[in-house]
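Let me begin by presenting the structure, written as structure tokens, before commenting on it.
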Amino acid sequence: TDPHYDITSTPGGGAFGDALVQSNHPAWLANDSVGSPGSSFISVTDTGTNSIAGGDYIAETMFNLTGFDPDTAVINGLVATDNSIQDVIVNGNSLGITGSGFAYYDPISIDTGFVDGINTLEFVFNNAGAGPGGFRANLSGSAVAAAVPEPASVAVWSLIGLGLAGFGYTRVRRKK
């Protein structure tokens, strides 16, 4: 399983649960090595050559911005998918980001919609028909520490790797 993402919606409206790290389909950008910074394709199957149902899937991750100024938060990254990204959603708000390609395509930048505390980031990806399908994001980001009443230096933190492995990253799980 992937420790950063859940598949919260599948074609037909059902939730899947933990996203599975996929072995690569030969047409896809190769996954980064296990244990190294970077990312891997994820989906509802652990094998990139297995077929999945056609339709929309939602890959969701959550991160905590408590102690940071959410107005200064920025996430930058690259995404790849088989077949397309239909939308990127922050805390329930559509950003209208779309794209397609088995290798990384146009970079994304998210600098709006963040809140103090727990934030939800969703990627709506589509499998255009019965066949292999998956999603991959390689994200990084930053934010400035929230002001404190006593004099303190401004702290800037960084995210690295898949699933926002920063933002003081503590994976928030829903009870199943």
Verify side chain to side chain contact (heavy atoms under 4.5 Å, CB included) between Ser39 and Tyr104, making sure each step is shown before the conclusion. CA-CA 11 Å; Ser39 65; Tyr104 289 136; 3.0 Å; yes
For the CG atom of Asp69 and the CG atom of Asp116, what is their distance to the nearest 0.5 Å? 9.0 Å
Does the side chain of Val90 come within less than 4.5 Å of Ile110's, by heavy atoms? yes
May I ask you to test the Asp56-Ser9 pair for a side-chain heavy-atom distance under 4.5 Å? no
Residue pair Leu20, Thr1: steps toward the side chain to side chain contact (heavy atoms under 4.5 Å, CB included) verdict: CA-CA 4 Å; Leu20 300 177; Thr1 61; 3.8 Å; yes
Under the rule for side chain to side chain contact (heavy atoms under 4.5 Å, CB included), what residues qualify as partners of Asn83, not counting sequence neighbours? Phe102, Asn127, Ala128
When you measure from the side chain of Thr47 to the backbone of Thr49, do you find a donor-acceptor pair of N or O atoms at a distance under 3.5 Å? no
Leu95 with Val124, same ILVMFWY side-chain cluster at under 4.5 Å: no
How far does CG of Asp106 sit from CG of Leu78, to the nearest 0.5 angstrom? 9.5 Å
Rounding to 0.5 Å, atoms CG (Leu139) and NE2 (His4) come to a distance of 10.5 Å
Please answer whether the main-chain N or O of Asn31 pairs with a side-chain N or O of Asn24 as donor and acceptor at a distance below 3.5 Å. yes
According to a 4.5 Å side-chain heavy-atom criterion applied to Ile, Leu, Val, Met, Phe, Trp and Tyr, with indirect links allowed, do Ile89 and Ile58 form part of one hydrophobic cluster? yes
Considering all heavy atoms, the nearest Pro70-Val115 contact: CB-C, 3.6 Å
Approximate separation, where rounding is to 0.5 Å, of Ile52 CD1 and Asp82 CG: 7.5 Å
Measuring from Gln86:CD to Ile97:CD1, what's the distance to the nearest 0.5 Å? 13.0 Å
Residue pair Ser33 / Ser36: nearest heavy atoms and the distance that separates them: O-OG, 2.6 Å
Heavy-atom check, side chain of Ile108 versus side chain of Val79, under 4.5 Å: yes
Quick one: does Thr72's side chain have a donor or acceptor within less than 3.5 Å of a partner on Val144's backbone? yes
Are Ser23 and Phe41 packed together at the side-chain level, in the sense that at least one heavy-atom pair is separated by less than 4.5 angstrom? no
Looking only at the side chains, is there a donor atom on one of Asp6 and Thr8 sitting less than 3.5 Å from an acceptor on the other? no
Determine whether Pro11 and Tyr57 make a side-chain contact, defined as any pair of heavy atoms from C-beta on separated by less than 4.5 Å. yes
Taking it one step at a time, do Ile118 and Phe63 satisfy side chain to side chain contact (heavy atoms under 4.5 Å, CB included)? CA-CA 6 Å; Ile118 304 300; Phe63 54 95; over 6 Å; no
Within a strict 4.5 Å, meaning less than it, do heavy atoms of the Phe125 and Ser100 side chains meet? no
What pair of heavy atoms forms the shortest contact from Ala73 to Leu65, and how long is it? CB-CD1, 4.1 Å
Any side-chain heavy-atom pair from Thr81 and Phe123 closer than 4.5 angstrom? no
Do Leu121 and Glu60 make a side-chain contact, defined as non-hydrogen atoms from C-beta onward lying under 4.5 Å apart? no
Just checking, any donor-acceptor pair under 3.5 angstrom between side chains of Ser109 and Asn76? yes
For Gln22 and Ile42, which heavy atoms make the closest approach, and how far apart are they? OE1-O, 3.5 Å
Going by atom types alone, do Tyr105 and Ser84 pair a side-chain donor with an acceptor below 3.5 Å? no
For the pair Thr61 (side chain) and Tyr5 (backbone), establish whether a donor and an acceptor sit closer than 3.5 Å, ignoring hydrogens and angles. no
Could Arg136 and Asp2 be called an ion pair, given the rule that one side-chain N must be under 4.0 Å from one carboxylate O? no
Check Ser43 against Gly133 and note the closest heavy-atom contact, atom names and distance. OG-O, 3.1 Å
What's the shortest heavy-atom distance between Ala59 and Phe135, and which atoms? CB-CD2, 4.0 Å
For residues Glu122 and Thr120, is any side-chain donor paired with an opposing acceptor at under 3.5 Å? no
Can you name the salt bridge (Lys or Arg N to Asp or Glu O under 4.0 Å) partners of Asp46, sequence neighbours left out? none
